[in-house]
Amino acid sequence: MPSVATGANLANRDLLYLGVSGDGDSASIGLGQFAHAMRRNVNMVYIVENNGVYGLTKGQFSATADKGSKSKKGVVNQDSPVDLVGLAMQLGASFVARSFSGDKAQLVPLIKAAMGHGGAAFIDVISPCVTFNNHAGSTRSYDWVREHNEAVSRIDLILGRQEITVDYAPGEVIDVEQHDGTTLRLKKLHTDYDPTDRVAAMAYMQGHAAKGELVTGLLYLEAEAGDLHAAQHTSARPLNSLGTADLCPGAAALERLNASWR
């Protein structure tokens with residue numbers, strides 16, 4: 001997603017770019033693309049749905065899973081997690097936030113603010129993973145459906161679950177129980193928090209992470225940030241609107257350009 005969005009953004013700066021990715025992609029195979037989109041300050045909203053597992057491939061740990069956490073099968077994760085929020089701030093993203101998918105009162109304004117930001121806006125959305133109906137004997141398991149499918153489509157069933165929602169005040173810490181019995185501990189930023197200090201924001205997050213708390217809210221903002229177009233001094237006109245005469249001005253113009261470098 002990041003490379004496609006970057007190319008499209010360079011071709012037409014007049015569009016609004018919203019990209020949605022997962023923690024399995026952005027923190028693993030797509031980590032390089034994530035890093036360069038942040039450091040180049042591509043003018044886009046980059047949303048990661050972060051649940052710490054590869055939900056569609058039977059629950060392996062993703063790179064964002066906490067060390068020591070257990071899978072549904074009881075396996076303990078031995079690897080240190082990739083902190084996408086910390087990486088985004090370290091790499092130069094000019095808008096960094098985290099929220100919980102069940103807290104729409106906080107998440108929706110963050111997305112709106114990110115859409116109005118003029119640079120790389122990253123939002124880490126903690127999204128609980130659903131549980132699959134995949135036991136032996138079920139007529140809605142992967143194996144049963146695939147054996148009885150006519151191969152014109154691929155059908156996998158996800159059981160419906162009651163929506164997890166939260167409502168907690170700024171500065172408050174709340175424990176949120178997940179469908180699998182695990183608990184998320186969320187801390188909402190208090191109203192006196194200063195999101196304009198990048199170093200202080202990183203230290204604040206790490207301090208609360210050490211206590212097992214995931215800080216939510218607008219974590220960092222560089223209000224006057226430039227974007228990739230400003231850094232590269234690209235044409236004010238969208239590149240996809242430039243014709244042959246604009247892109248190939250002729251031999252005389254090429255000679256003048258070469259002469260300027262002699």
*Take atom CD1 in Ile29; do more than 12 heavy atoms of anything else shown fall under 6.0 Å from it?*
no
_Under 3.5 Å donor-acceptor, Asn41 side chain and Gly226 backbone_ = yes
*asked:* Please find the pair of heavy atoms, one from Pro2 and one from Ala37, that lie closest to each other, and give the distance.
replied: CB-CB, 4.1 Å
*If you round to the nearest 0.5 Å, how far is OG1 of Thr216 from CG of Leu107?*
10.0 Å
*How far apart are the C-alpha atoms of Val20 and Met1, what are their side-chain angles, what is the distance that settles it, and do they pass the side chain to side chain contact (heavy atoms under 4.5 Å, CB included) test?*
CA-CA 8 Å; Val20 179; Met1 181 275 290; over 6 Å; no
*asked:* Any side-chain to backbone donor/acceptor pair from Asn9 onto Asn43? Under 3.5 Å, distance only.
replied: yes
*Out of curiosity, does Leu16 fall in the hydrophobic cluster containing Val42 (side-chain heavy atoms, cut-off under 4.5 Å, transitive links)?*
no
*Hey, quick one: are Leu218 and Leu91 part of the same hydrophobic cluster, counting side-chain heavy atoms closer than 4.5 Å, chains of contacts allowed?*
no
*What pairs meet the salt bridge (Lys or Arg N to Asp or Glu O under 4.0 Å) rule with one or both residues in residues 15-41, with sequence neighbours excluded?*
none
*Find the distance between CG (Leu10) and CG (Leu228) and round it off to the nearest 0.5 Å.*
5.0 Å
*Any side-chain heavy atom of Phe61 sitting closer than 4.5 Å to one from Asp79?*
no
*Mark yes or no for whether Asp246, through its side chain, and Gly243, through its backbone, hold a donor-acceptor pair below 3.5 Å.*
yes
*Give, for atom CD1 of Ile123 and atom CG of Leu84, the distance between the pair rounded to the nearest 0.5 Å.*
13.5 Å
_Full working for side chain to side chain contact (heavy atoms under 4.5 Å, CB included) between Leu242 and Arg237_ = CA-CA 7 Å; Leu242 301 179; Arg237 289 172 54 192; 3.5 Å; yes
*asked:* Can you tell whether the side chains of Asp227 and Arg13 come within less than 4.0 Å, N to carboxylate O?
replied: no
*Rounded to the nearest 0.5 Å, how far apart are CG of Asp83 and CE of Met89?*
7.5 Å
*Side-chain heavy atoms under 4.5 angstrom apart, residues restricted to Ile, Leu, Val, Met, Phe, Trp, Tyr: same cluster for Val45 and Val125?*
yes
*Do side-chain atoms of Gln33 reach the backbone of Ser3 as a donor and acceptor pair under 3.5 angstrom?*
yes
*Do Val96 and Met115 share a hydrophobic cluster, counting only Ile, Leu, Val, Met, Phe, Trp and Tyr and linking them when any side-chain heavy atoms are less than 4.5 Å apart?*
no
_side-chain hydrogen bond (donor to acceptor under 3.5 Å, both in side chains) contacts in which one or both residues fall within residues 112-124, not counting sequence neighbours_ = Asn50-Asp124, Ser94-His117, Arg98-Asp124
*List the atom of Ser80, the atom of Lys67, and the distance in Å for their closest heavy-atom pair.*
OG-CD, 4.1 Å
_Between CZ on residue Arg198 and CG on residue Leu221, distance to nearest 0.5 Å_ = 10.0 Å
*Determine the minimum heavy-atom distance between Ile126 and Phe100, stating which atoms define it.*
O-CD1, 3.3 Å
*Spacing of Ile47 atom CD1 and Ile111 atom CD1 [to the nearest 0.5 Å]*: 4.5 Å
_Starting from Met38, can I reach Met44 by hopping between I/L/V/M/F/W/Y residues whose side chains sit under 4.5 Å apart?_
yes
*Identify the heavy atoms of Ser99 and Leu110 that sit nearest to each other, and give their distance.*
CB-CD1, 3.9 Å
*Closest heavy-atom contact between Ala121 and Ala114?*
CB-CB, 3.7 Å
*For Thr64 and Ala27, which heavy atoms make the closest approach, and how far apart are they?*
CG2-CB, 3.7 Å
*Less than 4.5 Å apart, any side-chain heavy atom of Val85 and any of Tyr220?*
no
_Show every ring-ring contact (aromatic ring centres under 6.0 Å, His included) that has at least one partner inside residues 9-48, sequence neighbours left out._
Phe34-Tyr46, Phe34-Phe122, Tyr46-Phe122
